[in-house]
Trainee: 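The structure is given below, and queries will be raised subsequently.
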Amino acid sequence: MAFYFAQLLTGMANASALFLVASGLSIIFGVTRVVNFSHGSLYMLGAYIAYSSMTVLPGIIGFWASILVAGLAVGLIGIIIEVCVLKPIYRAPELFQLVATFGVILVIQDMALFVWGPEDLFGQRAPGFEGVVEIFGERVPSYDLVLIVLAVFVLIGLWYLFTKTRVGILVRAATQDREMVSALGVNQSVLFSGVFFLGAFLAGIGGAAQLPKGSANLLMDFGILAPIFVVVVTGGMGSIWGAFVAAMLISVLQVYGIRFLPNSTLVLMFIVMAVVLVTRPWGLFGKPEAAGDHGSQGPPPKPFRQLDSSGRIIVAVIIAALALVPLLGVNFLSVLFADIIIFCLFAASLHYILGVGGLVSFGHAAFYGGGAYVAALFVQYAGTPMELALMLAPLGAGFAALIIGWFCVRLTGVYFAMLTLACAQVLWSIVFQWDEVTGGDDGMLSIWPSTWASEPGVYYYLVLVLGVGGVLVLRAMAHTPFGYALRGTRDSALRTEAIGMNVKLIQWMAFVFAGAMAGLAGGLFVFAKGSVFPTEMEIATSFDALIMVFLGGVQSLTGPIAGASVFTLLQDWLSRFEYWRLLLGLLIIFIAILLPGGLAGAVGQVKALIDRAPKDEAAP
């Protein structure tokens, strides 16, 4: 019994730092409705700044002063992010805010690399709390108890702030009705900046407080990102008590899971979140969403246009140019353009549910990687020829999307996105841990095309036919009656239901179709590379697809093709520089603020200016 109590205290200590960071994210979302992906970067900066401060301020006073300094410094950085990056796009669709803060992650990563270097930096132990204490005969690190007390102190402080002070009451009011608060004369700009300072301050405190238990390193941001989102969503977006309870629940279960179910620890928190969201779609302490809760969408998107005669000619010219690539006799170009075509299909499949259907998915890589693994498994264990495996890949991915989509389409907004992430992580963990079948982290090797397609040039033509064909099918589906119905669910679900359409069924069917097309892209990928690894199903791959769609333009059917092409070429070129993340992050932020229509939108704007130029000149 004493051992289990000690494990409980360990879980609560782990939950304390998690709660500090998650509470800040929850506060920011509650007021601004911004899902801040860069919150993990603020946590990382807190650890780095505390490390630097502790080298200057020694002793017990210096230790706690360093934690406070880290929180204040990160709070100021949070204000800079809010003013420079988010304030210009508060009224933009939610995806723009998500991707813009992802660009901030890349910028902060390389800035931290430049300032502190790539090595792990180990901070000092907390003075006076270096040892252990015995509780019921079990040894527990004394600093764990300090973290638990700190979390409870912060929880009480936040409760007092939001219930007993005028500022806190305004913040609570803003979480429920921002427009009414603004109508009462409250300066929303100042309120938002203050909330960002508080949220970033808590993230900095969390990172600094965690330093004695680990190190400051460049992996901290992504390492904490998924757990804090799981905690916030499980507890209920905008709920401080929800964040506290969810952090404790998930961290304690993780500790016991390591003891009793070690193979479950990779996905245990995602399973908990999935169960909570399926049974209570708005989280443990959250409230049902009202229309417009998740970001201001601004004016309705313009209808997607079908290609005119000049557009069809341009497409035909591009396809003809792609067909000439193998004739150049450079295998590298055939491989590069095959990758671009595959990623175009992958991005186009995500755009179908995101741009056409308005459903932001954080787990689309599950179907892309799932299709690759379906093809590889059939080839390796059933001796299936490539031709049949390429047909089974979209069927397998579509079946996975059928099951996952049944649960996910019940939710909306960030809850939908996080449930897709949870389901994708479950599939990833199966692939990662089932060594006997999937090869685990070593992947599946020697999955090559059939003999007739073994030459790079020949396989390139196969990719060209299936990849371009898949993109054209996705584009054509957007202009079918089903595509129009899907766009109706995006623009106004209530009106779509009012005219007798089943909104959830339409979204579910679209989700399955997009998953199947992503599976086709995955099938083409595995034969192009001759292998597949669990990385193809990771969160980072899903985010890559989101960035491709965003770069090209969400409100254009041409957007994912342009975005995937540019993103693939940029990755190949920028990766030669030491600080390539900084450049890519700045580019993403620049497009989010100045080119909200993406590359395709920018081209459309230039074309519109050119078309108007003769009229302007002819005007008297």
Side-chain angles (χ1 to χ4, degrees), residues 1-24 43 46-51 53-55 57-71 120-160 201-217 220 223-224 227-228 231 235 240-241 243-262 265 268-269 272:
M1 190 65 183
F3 170 78
Y4 296 114
F5 186 72
Q7 292 294 297
L8 174 64
L9 292 177
T10 300
M12 293 176 66
N14 295 340
S16 299
L18 190 58
F19 163 70
L20 291 174
V21 187
S23 61
Y43 165 80
Y48 272 119
I49 294 173
Y51 170 85
S53 182
M54 288 176 188
T55 60
L57 303 174
I60 186 170
I61 296 178
F63 176 84
W64 295 107
S66 296
I67 292 180
L68 181 60
V69 167
D120 290 5
L121 303 178
F122 292 89
Q124 70 180 72
R125 304 292 294 275
F129 300 99
E130 299 93 340
V132 297
V133 295
E134 285 199 7
I135 300 179
F136 301 130
E138 290 288 336
R139 294 185 173 185
V140 177
S142 56
Y143 189 67
D144 282 3
L145 302 180
V146 173
L147 286 177
I148 296 173
V149 172
L150 177 62
V152 173
F153 176 78
V154 170
L155 177 64
I156 295 173
L158 291 174
W159 170 81
Y160 183 84
F201 172 81
L202 290 171
I205 292 291
Q210 189 71 7
L211 188 59
K213 297 189 66 175
S215 64
N217 60 76
M220 291 180 69
I224 195 71
I228 59 175
V231 165
I240 299 300
W241 285 100
F244 182 79
V245 172
M248 292 294 172
L249 173 65
I250 289 171
S251 296
V252 170
L253 286 177
Q254 284 282 93
V255 169
Y256 286 126
I258 293 173
R259 174 71 178 177
F260 299 107
L261 297 170
T265 53
L268 187 57
M269 64 178 177
V272 172

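Just so it is clear, the structure is predicted and the values come from calculations on it, not from any experiment.
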Trainee: Say you draw a straight line from CD1 of I240 to CG of L155; how long is it, rounded to the nearest 0.5 Å?
Mentor: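 Taking CD1 in I240 and CG in L155, the distance rounds to 8.0 Å.
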
Trainee: Begin with the C-alpha distance, continue with both residues' side-chain angles, and end with the deciding distance and a verdict on side-chain contact (heavy atoms from CB on, under 4.5 Å) for I67 and M54.
Mentor: CA-CA 9 Å; I67 292 180; M54 288 176 188; 4.3 Å; yes

Trainee: On a heavy-atom basis, which atom in S66 and which in S53 lie closest, and how many Å separate them?
Mentor: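 Nearest heavy atoms, S66 then S53: OG-OG, 2.9 Å.
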
Trainee: Can you tell me how far apart CE (M248) and CG (N14) are? Round to the nearest 0.5 Å.
Mentor: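 It is 10.0 Å, given to the nearest 0.5 Å.
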
Trainee: How close do A247 and A15 get, counting heavy atoms only, and between which atoms?
Mentor: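 Taking every non-hydrogen atom into account, O-CB, 3.2 Å.
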
Trainee: Please name the pair of heavy atoms, one in Y143 and one in A209, separated by the smallest distance, quoted to 0.1 Å.
Mentor: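 Distance-wise, the nearest heavy atoms are OH-O, 2.6 Å.
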
Trainee: Considering only heavy atoms from C-beta outward, does the side chain of I156 approach that of F153 to under 4.5 Å?
Mentor: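 The answer is no; the side chains never approach within 4.5 Å.
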
Trainee: How many angstroms lie between CG in L18 and OH in Y43, if you round to the nearest 0.5 Å?
Mentor: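 It comes to 8.5 Å.
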
Trainee: Any chance you could measure K213, atom NZ, to D144, atom CG, to the nearest 0.5 Å?
Mentor: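 That separation rounds to 4.0 Å.
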
Trainee: Between V231 and A243, what is the shortest heavy-atom contact and its length?
Mentor: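 Looks like CG1-O, 3.3 Å.
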
Trainee: For the residue pair A47 and L211, what are the closest heavy atoms and their distance?
Mentor: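 Heavy atoms only, the tightest pair is O-CD2, 3.7 Å.
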
Trainee: With a 4.5 Å cut-off on side-chain heavy atoms, are L20 and F201 touching?
Mentor: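 A side-chain contact under 4.5 Å is absent here.
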
Trainee: Is there a side-chain contact between Q210 and L147, using heavy atoms and a 4.5 Å cut-off?
Mentor: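 Yes - at least one pair of side-chain heavy atoms lies under 4.5 Å apart.
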
Trainee: Assess whether atom CH2 of W64 is packed by more than 12 heavy atoms of other residues, nucleotides or ligands within 6.0 Å.
Mentor: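 More than 12 heavy atoms, drawn from other residues, nucleotides or ligands, come within 6.0 Å of this atom.
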
Trainee: Any chance you could measure Q254, atom CD, to L249, atom CG, to the nearest 0.5 Å?
Mentor: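 CG of L249 is found 10.5 Å from CD of Q254.
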
Trainee: Of all heavy-atom pairs between A151 and F19, which one has the smallest distance, and what is that distance?
Mentor: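 Where A151 meets F19 most closely, the heavy atoms are O-CE2, 3.7 Å.
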
Trainee: First locate atom CZ of F63, then atom CZ of F129, and finally report the distance between them rounded to the nearest 0.5 Å.
Mentor: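 Result: 9.0 Å between the selected atoms.
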
Trainee: Set out, in order, the CA-CA distance, both residues' side-chain angles and the distance that settles side-chain contact (heavy atoms from CB on, under 4.5 Å) for V154 and I205, then state yes or no.
Mentor: CA-CA 10 Å; V154 170; I205 292 291; 5.7 Å; no

